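Step one of this worksheet: look at the structure below.
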Amino acid sequence: MRLKQIVFENYKTYYGLQEIDLSITEEDKKHNRNVILLGGLNGAGKTTILKAIRYILFGQRGITKVEYDRLMANTINNTYFDEGGRECFISLTLEMDTGEEWKLKVNWLFDKQKQLVAEDRSIDVKKPGSTTRKKMNVTDLASFNRFIDRIIPYNAAPFFIFDGEEIKDLITKQNSSEMKEAIHKITGLDSYKLLLNDLESLESQLYKKLSSATNKTTLDQYKNELDKTEKEIDKYENFIQKTRKEIQEIENRITETTEKRNDKISKNSRSREKLVRKQSEIQTRLKLEQEEFEKKYKENILSIILSDEIGELKKTIKLEKDERNKKLLRENSLEPYNEFINQLLSKEINPPLTNQQLTQIKSIGEKIWLNEEENVSHTSRELHDLSTKEENTLINLPILKADQLVKMKKAISDLENKYEQLESEIQSAPESVEIDEETKLLAQLQEQKGVLNSKVRTAFKKLTPLKEKLTNTRNKLTRLSANDVSSEDLNTKLDYVKRTKKFSDEFLLKATKLKAEMIREEFEKMLKKLIRKTDEFGEVIFDIENYSIRLYNERGQEVSILDRSAGEMQMISSALIWALIKASDLDLPMVIDTPLGRLDSIHRNRLIENYYKELSDQVIILSTDTEITKDYVDMMKSHSAKQYLLDYNEEHKYTLIREGYFELVEVN
């Protein structure tokens, strides 16, 4: 993340609308120009810029009530307020590594007594290549804080935005939990700890599930029962299929025998020939009608049986769709109301309302907004989670009645009656040929067909409960798979989690040691470049246990850091910041106020020559005229991308931001 621009409008000492371009161009990077200079005399507004950046990013976090009241007392520019102005703002534009631009803005409104009436935050986001910004008002500060902490964690801020004369306090905070947490955030070790916490939580969940898990014996019992039932069903289905083939063969023999007998009869007399011909026609029609009936039955019987259920399902789906549409319309109608009521209820109310009263006001307001009765309920339970394709498929299912099949069955029955009637007439007709053999065979075949049909019906009676049993057993297995996990599976997962946790513990330990060694090496290397009395320090140790720096002289005796001079403590703290940044997973700008104020000439030169030009790709330095020397000017000329002068007008009591910087110095 890089800072691109900061804007003031009638904020503190900055009168009117004033902007500071903080961007580092590609040309600047090419020529190693990473420093942006803002110079001004004491009281010109340097520290105001530092505090403004902090407040835009972190708000009231880390600020006491007394400090906040003092900050708000002079937020609006006095000249502008005397002219009748009551509103001011600051904004900070951030450039992300994704190419996005975030514009964070804080706006304040004051009354005639200069008392704060309202403070509003907003975020404008511009996507790469876009010319428009998407604005979002901040109504939930907790969410906003989490949003900001993703790019610059609050605990890490003191290492990136700080007063140069106060950074020595970092050393005094060694061994504190705040310091450890900040170092974990900066170096990325915090993410590994989060991983371990997640693994411990997962391990605990698996142990809880084990207490109620289904064991393998129960699952095997259901599986064996399922296999047994499937085998029984296969046996009866194979029997039915085989018997139907036998029935078809008998029917074919009946047809052949009947044709043979009728052929004999047709040769006997004209009257019997007509009867036989007519019976043959009826037999052909009967066969065609039966085939058509079977076809229609197979195609439509499921839809006919489920016609009532399909109808009810369509009604339910339509009702659910209407309910979803009503719910969507209601949510869209409430969108402006929610924006209004959230802003209203975020205001201070005296005496304060309880959470129950606030909830009741919001609920009553929704009904008034939508012109609904008090007893209107919007709770509904959606039974079907369907895609559009699935919904259309169900809506278009045909609803069929049995009327057509009944009509066809009646026609078949009529033809069978006519066939039997003609059979009787043929039997009673005078015979001149012998057909006893065919008649006897037909009787035997009809009897065999009847026996086989009876067996098929019996097999169907036994098959129906077996299929119901199969469905029930499958449902039991499905419920076990959906709601429970076998203890064997859980133990396997638990073993994976334990091994992953053990590996993560080892990894975190080694990563911590590696980071600590990196911090120690970078700290020692930079400290030797910065400190004047280099011969006093023989060894530098970064303590992994308490994350603190310990110094030893050439004789192995520990040197007390707190006994060093203010300038030396500043150098030690600067070296610590250097080491943490070099070991960091964060790539952030540095904002430093008055970095050279208390330093002697040697420490100043070493800080200028070895520190700022390598510290970060963007270093913003706020300095006074007392800090500036010829060496400082010469170094800054070659490494600064932009220079600004904070010019305070004594007569009008406000500061103007001008380009330029070095006219503050008379180089001797």
Side-chain angles (χ1 to χ4, degrees), residues 1-6 20-39 46 49-50 53 92-99 101 151-152 156 159-162 164 167 186 518-519 521-531 570-571 573-596 599 601-623 627-645 657 659-665 667:
M1 182 268 287
R2 295 288 175 263
L3 305 183
K4 187 173 184 180
Q5 182 190 56
I6 188 167
I20 303 177
D21 181 7
L22 301 174
S23 60
I24 301 291
T25 65
E26 292 299 323
E27 188 69 17
D28 292 331
K29 296 177 184 178
K30 182 178 178 182
H31 292 88
N32 298 319
R33 296 193 293 259
N34 66 317
V35 179
I36 296 174
L37 300 171
L38 292 102
K46 301 184 307 304
I49 294 176
L50 182 78
I53 293 173
L92 181 66
T93 302
L94 312 178
E95 188 173 29
M96 315 308 294
D97 56 2
T98 59
E101 281 188 12
I151 54 169
I152 176 167
F159 298 99
F160 295 90
I161 306 170
F162 57 87
I167 61 169
I186 292 174
M518 187 183 302
I519 292 171
E521 290 177 357
E522 291 291 339
F523 175 82
E524 183 178 11
K525 180 172 65 176
M526 181 50 64
L527 187 63
K528 288 180 179 179
K529 290 181 180 179
L530 296 180
I531 204 75
Q570 183 174 336
M571 291 297 98
S573 296
S574 297
L576 176 58
I577 289 176
W578 170 277
L580 291 174
I581 290 174
K582 296 309 174 183
S584 169
D585 289 340
L586 300 174
D587 184 11
L588 298 172
M590 306 292 296
V591 184
I592 310 170
D593 184 18
T594 321
L596 307 175
L599 301 179
S601 60
I602 295 178
H603 284 147
R604 284 188 181 191
N605 290 337
R606 292 188 176 185
L607 202 62
I608 291 170
E609 292 173 1
N610 301 303
Y611 196 74
Y612 293 122
K613 60 185 181 182
E614 302 292 341
L615 185 59
S616 169
D617 289 342
Q618 184 184 41
V619 180
I620 300 169
I621 298 178
L622 307 161
S623 58
E627 298 176 77
I628 300 170
T629 64
K630 183 178 183 303
D631 292 336
Y632 181 88
V633 171
D634 292 340
M635 190 280 286
M636 292 307 179
K637 278 184 177 179
S638 59
H639 290 286
S640 63
K642 295 178 176 64
Q643 308 88 30
Y644 297 97
L645 170 65
I657 301 170
E659 289 191 9
Y661 177 79
F662 301 106
E663 61 265 35
L664 280 172
V665 184
V667 181

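Quick caveat, the model's predicted, so the values are computed rather than measured.
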Inset, instruction - Please report the C-alpha distance between Trp578 and Tyr611 in whole Å, then the side-chain angles of each, then the deciding distance to 0.1 Å, and finally whether the ring pair (Phe, Tyr, Trp, His ring centres under 6.0 Å) criterion is met. - result: CA-CA 8 Å; Trp578 170 277; Tyr611 196 74; 5.8 Å; yes

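- The two residues Pro589 and Met1 have their closest heavy-atom pair at CD-O, 3.1 Å.
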Inset, instruction - Starting from the C-alpha separation in whole Å, work towards a yes-or-no answer on salt bridge (charged side-chain N to carboxylate O under 4.0 Å, His left out) for Lys528 and Glu524. - result: CA-CA 6 Å; Lys528 288 180 179 179; Glu524 183 178 11; 3.4 Å; yes

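- Of the possible donor and acceptor atoms, one in the side chain of Lys642 sits under 3.5 Å from a partner among the backbone N and O of Ser23.
- Expressed to the nearest 0.5 Å, how far CG of Leu588 lies from OG of Ser616 amounts to 7.5 Å.
- Across all non-hydrogen atoms, the minimal contact from Leu530 to Ala575 is CD1-N, 4.3 Å.
- With values rounded to the nearest 0.5 angstrom, Leu645 atom CG is found 11.5 Å from Leu37 atom CG.
- Formation of a donor-acceptor pair under 3.5 Å by the Gln618 side chain with backbone atoms of Leu3 is found in this model.
- The side-chain heavy atoms of Phe160 and Ile581, taken from C-beta on, include a pair separated by under 4.5 Å.
- Checking side-chain atoms of His639 against main-chain N and O of Asn32 turns up a donor-acceptor pair under 3.5 Å.
- Contact detail for Met526 and Asn610: the closest heavy-atom pair is CE-O, 3.5 Å.
- Nearest heavy-atom pair across Ile621 and Pro595 is CG2-CG, 3.7 Å.
- Residues Ile36 and Val619 are not in side-chain contact: their nearest non-hydrogen atoms beyond the backbone lie 4.5 Å or more apart.
- At distances below 3.5 Å, not a single donor-acceptor pair connects side-chain atoms of Gln643 with backbone N or O atoms of Gly39.
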Inset, instruction - Carefully, step by step, assess Ile592 and Ile620 under the rule side chain to side chain contact (heavy atoms under 4.5 Å, CB included). - result: CA-CA 6 Å; Ile592 310 170; Ile620 300 169; over 6 Å; no

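- A distance of 7.5 Å separates CG of Leu92 from CG of Leu22, quoted to the nearest 0.5 Å.
- In this structure, CD1 on Ile53 lies 4.5 Å from CD1 on Ile6, to the nearest 0.5 angstrom.
- Taken from CG in Leu576 to CD1 in Ile519, the straight-line distance is 7.5 Å, to the nearest 0.5 Å.
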Inset, instruction - Test His603 against Ile531 for side chain to side chain contact (heavy atoms under 4.5 Å, CB included), laying out the working first. - result: CA-CA 7 Å; His603 284 147; Ile531 204 75; 4.2 Å; yes

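- With contacts defined as side-chain heavy-atom distances shorter than 4.5 Å, the pair Lys29/Glu26 qualifies.
- Distance alone, capped at 3.5 Å, is enough to place a donor-acceptor pair between the Asn34 side chain and the Tyr612 backbone.
- Among all heavy-atom pairs drawn from Leu622 and Lys46, the shortest one is CD1-O, 3.4 Å.
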Inset, instruction - Check the pair Leu94, Ile151 against side chain to side chain contact (heavy atoms under 4.5 Å, CB included), reporting the backbone distance first and the verdict last. - result: CA-CA 10 Å; Leu94 312 178; Ile151 54 169; 3.8 Å; yes

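- Judged by distance alone, with hydrogens and angles left aside, the side-chain atoms of Ser574 form no donor-acceptor pair with the main-chain N or O of Leu607 at under 3.5 Å.
- The shortest non-hydrogen separation linking Ile577 to Met590 is CG2-CE, 4.0 Å.
- The main-chain N or O of Ile24 is never found under 3.5 Å from a side-chain atom of Arg2 such that the two would form a donor-acceptor pair.
- The distance from the CD atom of Glu614 to the NZ atom of Lys582 is 7.0 Å, given to the nearest 0.5 Å.
- A donor-acceptor pair under 3.5 Å links the side-chain atoms of Thr25 to the main chain of Asp28, judged by distance alone.
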